[in-house]
Amino acid sequence: PQRPRVFSGMQPTNASLHLGNYLGALREWARLQDDHDAVYCVVDLHAITAGHDPEQMLHRTRVTAAQYLAGGIDPDRSTLFVQSHVPEHTQLAWVLSCITGFGEAGRMTQFKDKSARSGTESTTVGLFTYPVLQAADILLYNTDRVPVGEDQRQHIELTRNLAGRFNSRFGDTFVLPEPYIPEATAKIYDLQDPTAKMSKSVAGSGLIELLESPKTIEKRIKSAVTDTGREVVVDAENKPGVTNLITILSAFGDRPVERIEQDFAGRGYGDLKKEVAAAVLDIVVPFQRRVHELLDDPAELDSVLARGAAKARDVAGPTLETVYRRVGF
Ligand code: ADP
Ligand code: NA
């Protein structure tokens, strides 16, 4: 039987992924390859919806792709490519935008939040139709599962609605994808404000970027905000800082939380931070080495991505052909 297909992507907005992206997405994507037909994309078209630096674009796309590879995405087993290399994404997005209600798109909370922050005049139409392009990304590949964070549920719901609507108007064409949030996926909080999700949009010393120097990473972990008290125990309500550090140690060191609590009985926060830093650097140092090797040979990296785009088009091309035929083109 065919393995279920997963599709996911991240924007090349920042050069470096952060700890949350790694534990919440990339590491999970690598694991999913074992029992899924995986399609992973660097979504550069999405990265120009809110202003960007053209000088940095290609570099950031390569660095993002290099991190996918260093994180274990295998371009032979899976399909790894850059969104703008496959024109079917924007072609399908146009068709889908013509069956999307204006009001329906206007209800997307991520758009409402982002546009409220930047104001109507500097909000682009591209940001408004972003979820429609995202629906096209997913539907082109007959995706069964989309590994995403909680904040993306509404976009996946829109994708399902559009797929269902297209199918009933024009004939059965698309698979309806499910959001997929693996049970074990860790949610990582900011080290300086452990009540807020770690995020690239909250730059500061509470953000741990994977490509930061090991010294800086260590320093940031050691100056993480902890809580009053001294016991190393999980208590999300009263000890969000310590709980976050335990989550990170558990994920990086493959050690269950209960074991960590036992191991730290009678020891303090200083020891905990030391072990967290060591466990993170154990993974991050070889990860960085691999990223730099890949970036040292951009021609080879580009050819991996070109092969990925060809593989992606083998699926996306026929999907778009069917769509155009059903629409009447
Ligand atoms: P950011 O919040 O930094 O803008 P994105 O929204 O681009 O990150 O998310 C990219 C991927 O990383 C998504 O799959 C998302 O669920 C995951 N992710 C982002 N931040 C975290 C976090 N703090 N903890 C766990 N996963 C995260
Ligand atoms: Na985000």
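Side chains included, hydrogens not; waters and symmetry mates left out as well; all remaining heavy atoms used. Numbering of ligands and ligand atoms starts at 1, following listing order.
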Count the heavy atoms belonging to other residues, nucleotides or ligands that lie under 6.0 Å from OH of Tyr189, then report whether that count exceeds 12.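 Atom OH in Tyr189 is not packed in, count stays at 12 or less.
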Check whether more than 12 heavy atoms from other residues, nucleotides or ligands sit under 6.0 Å from atom CZ of Arg267, and answer yes or no.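 Yes.
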Would you say [X] and ligand 1 have an N/O pair spaced under 3.5 Å apart?
{"X": "Asn21", "result": "yes"}
{"X": "Ser201", "result": "no"}
{"X": "Gly20", "result": "yes"}

For ligand 1, which part of His18 has a heavy atom less than 4.0 Å away: the side chain, the backbone, both, or neither?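 Side chain only.
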Using heavy-atom distances, let me know which of [options] sits nearest [atom].
{"atom": "atom 2 (O) of ligand 1", "options": "Lys197, Lys200, Glu28", "value": "Lys197"}
{"atom": "atom 1 (P) of ligand 1", "options": "Pro147, Ser199, Ser8", "value": "Ser199"}
{"atom": "atom 23 (N) of ligand 1", "options": "Asn14, Leu207, Ile181, Ile188", "value": "Ile188"}

Rounded distance (nearest 0.5 Å) linking atom CG of Leu320 with atom OG1 of Thr90: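 Going from the CG atom of Leu320 to the OG1 atom of Thr90 covers 9.0 Å.
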What atoms of ligand 1 come closer than 4.0 angstrom to any heavy atom of [X]?
{"X": "Met10", "answer": "10 (C), 11 (C)"}
{"X": "Lys187", "answer": "24 (N), 25 (C)"}
{"X": "Ala25", "answer": "11 (C), 12 (O), 14 (O)"}
{"X": "Gly149", "answer": "16 (O)"}

Please find out if less than 6.0 Å separates the ring center of [X] from that of [Y].
{"X": "Phe252", "Y": "Tyr22", "answer": "yes"}
{"X": "His89", "Y": "Tyr141", "answer": "yes"}
{"X": "Phe102", "Y": "Phe128", "answer": "yes"}

Residue-ligand contact Glu150/ligand 1, heavy atom below 4.0 Å: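 Contact absent.
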What are the two closest heavy atoms between Glu231 and Tyr269, and how far apart are they?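 Nearest pair, atom of Glu231 first, then Tyr269: O-CE2, 3.5 Å.
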Got a salt bridge between Arg255 and Asp263, using NZ or NE/NH1/NH2 to carboxylate O under 4.0 Å?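 Answer for the salt bridge query: yes.
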